[in-house]
Amino acid sequence: MSVYCLYGNENGERVMKGAPTISIAGKQNHIPQHYFTYEHSLESIRAILCDISMSNDVLLFAAKDKQGMYIQVGIIGQENYQITGQYYPAKIVYGRRWRIDADTPTSEIIQTTMLAIQKVYEHEVRELLTIKLNSKVTRSAPLTSHQDIKYLKNAKRLEGINQAQNVMSTSTVKSLSLNQFKYALENKLNRLEFAHHRLIINRIMPISGGRAVLDIELAAKLAPKNVIPPAFSQKRLSVVISIYDIDNIMYILLDELIAISNRHVEEHFSFQNFKRFSRNISPEWLAAKSIESRQYKAHMKNVEFKKIFESLNYKTDESRTPELGSDALALINFKKLSQYENLGGHIPKGSANASIKHA
């Protein structure tokens, strides 16, 4: 998806004085990103987003509020909670705001954008995986991000629910034949749906250690009308499950659905037409390029540049060090820090002279 940029080409990058270059295939000199300092503005962040391509259902935003600059993702899709017979137009929803500090390297802004897209899709995946508890039509999406944690905590305490109560006993599981194993799984899957598609076991293949590979098909229902997310157009899932995890099949399915969704983003996300996260790129090639771009031993022979490089890196790391504070959270963190002698890295500010209130 190409987007016309209305903003200037301020790139927010500044080369360190005396920074060395590396050669790319003997055809072009390149200054590695770790020899830059960064001072991004809203304009430079928006310019970066203009160079990012994803599918047409994804919109990228950059803005600024009282807390600073942020990026945000919007996706256009269907209403997840549909009622049969009702018409639902396309709908846009937004993910959380991802804060961007001015000194964030450009590559990290690009990576954060991809992660933000993945998390928005994951939110939708969680809402589309539903379960029916009884004969009623009502379905629930129990693994969404909208659960009331305080309510759940109190309900578990007051109702006296044992977390292991609904897990099949070890003795029962050990005695299951393959057909009984499949039957138990089908009973679980019959209550589940993903994007208004039923989950059907096409094949079950036993492997070692009491495990099996499930080949699952997403079978469309007649109604309500709902377009399945593009990541799942093949409508097939493959999962490995242990006989001891039958009651956890919904979690196992969610893991696989999220993995498929994330992979879809990796293969369609690009920066200036380069698909950095595609698995078509060889890890060996990436490793070689990483080594080539980090010739520190040779580059640090320049004593003056070494001083500049180390000084600027120290200042950047120091600027990102948080304040310890003096409240209950500070006490928790102080106790953890106190377990280590001669701890390296940048210690939280105020740790040396901590005056912590015991809460």
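Since we're looking at a predicted model, the values are computed, not measured.
- Contact check for M250 versus L192: side-chain heavy atoms found under the 4.5 Å cut-off.
- Looking at R211 and D245, no side-chain N of the basic residue comes within less than 4.0 Å of a carboxylate O on the acidic one, giving no salt bridge.
- Hydrophobic clustering (side-chain heavy atoms under 4.5 Å, transitive across Ile, Leu, Val, Met, Phe, Trp, Tyr) keeps I24 apart from F274.
- Looking at R99 and D65, a side-chain N of the basic residue comes within less than 4.0 Å of a carboxylate O on the acidic one, giving a salt bridge.
- Going from atom NZ of K289 over to atom CD1 of I291 covers 10.0 Å, rounded to the nearest 0.5 Å.
- Between V73 and A116, the shortest heavy-atom contact is CG2-CB, 3.7 Å.
- In plain terms, the two heavy atoms of F194 and L257 that are nearest each other are CD1-CD1, 3.7 Å.
- Using a cutoff of 4.0 Å between basic side-chain nitrogens and carboxylate oxygens, R46 and E43 are not scored as salt-bridged.
- Within 6.0 Å of the CZ atom in R96, the count of heavy atoms belonging to other residues, nucleotides or ligands exceeds 12.
- At least one side-chain heavy atom of S319 sits under 4.5 Å from a side-chain heavy atom of D103.
- Side-chain contact of H146 with H123: a donor-acceptor pair under 3.5 Å is present, judged by distance alone.
- The backbone N or O of G95 lies less than 3.5 Å from a partner atom in the side chain of Q72, making a donor-acceptor pair.
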* To do: Check the pair F36 / R14 against side chain to side chain contact (heavy atoms under 4.5 Å, CB included), numbers first and verdict last.
  => CA-CA 5 Å; F36 283 84; R14 181 178 298 174; 5.8 Å; no
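- When all heavy atoms are compared, the tightest approach of L324 to G350 is CD2-O, 4.3 Å.
- Remark: the backbone N or O of I109 is paired with a side-chain donor or acceptor of T113 at under 3.5 angstrom.
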* Derivation of the side chain to side chain contact (heavy atoms under 4.5 Å, CB included) call for I308 and L312 -> CA-CA 6 Å; I308 293 171; L312 290 173; 3.7 Å; yes
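- I22 is not connected to M16 by any chain of hydrophobic side-chain contacts under 4.5 Å among Ile, Leu, Val, Met, Phe, Trp and Tyr, and they are in different clusters.
- With hydrogens and angles ignored, the 3.5 Å screen pairs no side-chain donor or acceptor of H40 with any backbone N or O of M69.
- Under a 3.5 Å cut-off, the side chain of D148 and the backbone N or O of Y151 do form a donor-acceptor pair.
- Y70 and I100 fall into different hydrophobic clusters, where Ile, Leu, Val, Met, Phe, Trp and Tyr side chains are chained together by heavy-atom contacts under 4.5 Å.
- When only modelled atom types and interatomic distance are considered, Q33 and S107 share a side-chain donor-acceptor pair under 3.5 Å.
- Residues Y38 and N11 bring no donor and acceptor atom of their side chains to less than 3.5 Å of each other.
- Of the residues R279, R276, K275, the one that meets the side chain to side chain donor-acceptor pair (under 3.5 Å) test with E266 is R279.
- One distance of note links CG of L253 with CG of L189; it measures 6.0 Å at 0.5 Å rounding.
- Between L343 and I347 there is a side-chain heavy-atom pair separated by less than 4.5 Å.
- Counting only distance, with no hydrogens or angles, the side chain of Q147 and the backbone of P142 share a donor-acceptor pair below 3.5 Å.
- A donor-acceptor contact closer than 3.5 angstrom links the side chains of E13 and T106.
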* For the pair V125 and I260, evaluate side chain to side chain contact (heavy atoms under 4.5 Å, CB included) and give the outcome as yes or no after the intermediate values. => CA-CA 10 Å; V125 167; I260 292 172; over 6 Å; no
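- For F232 and H197, the gap between ring centers reaches or exceeds 6.0 Å.
- Checked by atom type and distance alone, the side chain of S290 never pairs as donor or acceptor with a backbone atom of L286 at under 3.5 Å.
- Judged by distance alone, with hydrogens and angles left aside, the side-chain atoms of H268 form a donor-acceptor pair with the main-chain N or O of H264 at under 3.5 Å.
- Few gaps surround CG on N29; more than 12 heavy atoms of other groups in view lie less than 6.0 Å from it.
- A distance of 8.5 Å separates NZ in K119 from OG in S145, rounded to the nearest 0.5 Å.
- Ring-centre distance between Y35 and F305: below the 6.0 Å cut-off.
- Under the 3.5 Å distance criterion, with hydrogens and angles disregarded, no donor-acceptor pair is assigned to the side chains of S23 and H30.
- Contact record, G12 with S44: N-CB, 3.9 Å, taken as the closest heavy-atom pair.
- S177 and N179 are not linked by any side-chain donor-acceptor pair at a separation below 3.5 angstrom, with hydrogens and angles left out of the test.
- Side chain of Q339 to main chain of K336: a donor-acceptor pair is present (N/O by atom type, distance under 3.5 Å, no hydrogens or angles).
- To the nearest 0.5 Å, atom CG of residue L185 and atom CD1 of residue I201 are 5.0 Å apart.
- Within the 4.5 Å cutoff, no side-chain heavy atoms of N273 are placed close to those of D51.
- Both L115 and I117 are assigned to one and the same hydrophobic cluster, defined by single-linkage of ILVMFWY side chains at heavy-atom distances under 4.5 Å.
- A donor-acceptor pair shorter than 3.5 Å cannot be found between the side chains of T316 and R320.
- In this structure, the side chain of R236 does not engage the main chain of E217 through any donor-acceptor pair within 3.5 Å.
- Residues R139 and E193 are paired through a salt bridge, judged by an N-O separation under 4.0 Å between the basic side chain and the carboxylate.
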* Please report the C-alpha distance between E267 and S278 in whole Å, then the side-chain angles of each, then the deciding distance to 0.1 Å, and finally whether the side chain to side chain donor-acceptor pair (under 3.5 Å) criterion is met. => CA-CA 5 Å; E267 295 301 330; S278 170; 2.7 Å; yes
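- For E292, the CD atom sits in a packed shell: over 12 heavy atoms of surrounding residues, nucleotides or ligands are nearer than 6.0 Å.
- Side chains of N333 and P348 form no contact here, defined as non-hydrogen atoms less than 4.5 Å apart.
- Annotation: I149, atom CD1; neighbour count of heavy atoms from other residues, nucleotides and ligands within 6.0 Å does not exceed 12.
- Around atom CD of Q67, more than 12 heavy atoms belonging to other residues, nucleotides or ligands sit under 6.0 Å away.
- Y183 and M205 fall into different hydrophobic clusters, where Ile, Leu, Val, Met, Phe, Trp and Tyr side chains are chained together by heavy-atom contacts under 4.5 Å.
- Contact record, R126 with A141: O-CB, 3.9 Å, taken as the closest heavy-atom pair.
- Ring pair H346/Y314 is tilted by interplanar angle, where 30° to 60° counts as tilted.
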* Please report the C-alpha distance between R203 and V213 in whole Å, then the side-chain angles of each, then the deciding distance to 0.1 Å, and finally whether the side chain to side chain contact (heavy atoms under 4.5 Å, CB included) criterion is met. => CA-CA 8 Å; R203 189 179 177 192; V213 178; over 6 Å; no
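- The number of heavy atoms from other shown groups lying within 6.0 Å of NZ (K315) does not exceed 12.
- Heavy-atom minimum distance, V15 versus A19: CG1-CB, 3.6 Å.
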* To do: Just do the ring pair (Phe, Tyr, Trp, His ring centres under 6.0 Å) check on H34 and F309 with the steps written out, would you?
  => CA-CA 9 Å; H34 36 273; F309 176 74; 7.1 Å; no
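- Atom CD1 of I241 and atom CD1 of I204 lie 8.0 Å apart (nearest 0.5 Å).
- Interatomic distance, OH of Y121 versus CD1 of I75, reported as 6.0 Å (0.5 Å rounding).
- Side-chain N or O atoms of S233 include none that pairs as donor or acceptor with a backbone N or O of P229 at under 3.5 Å.
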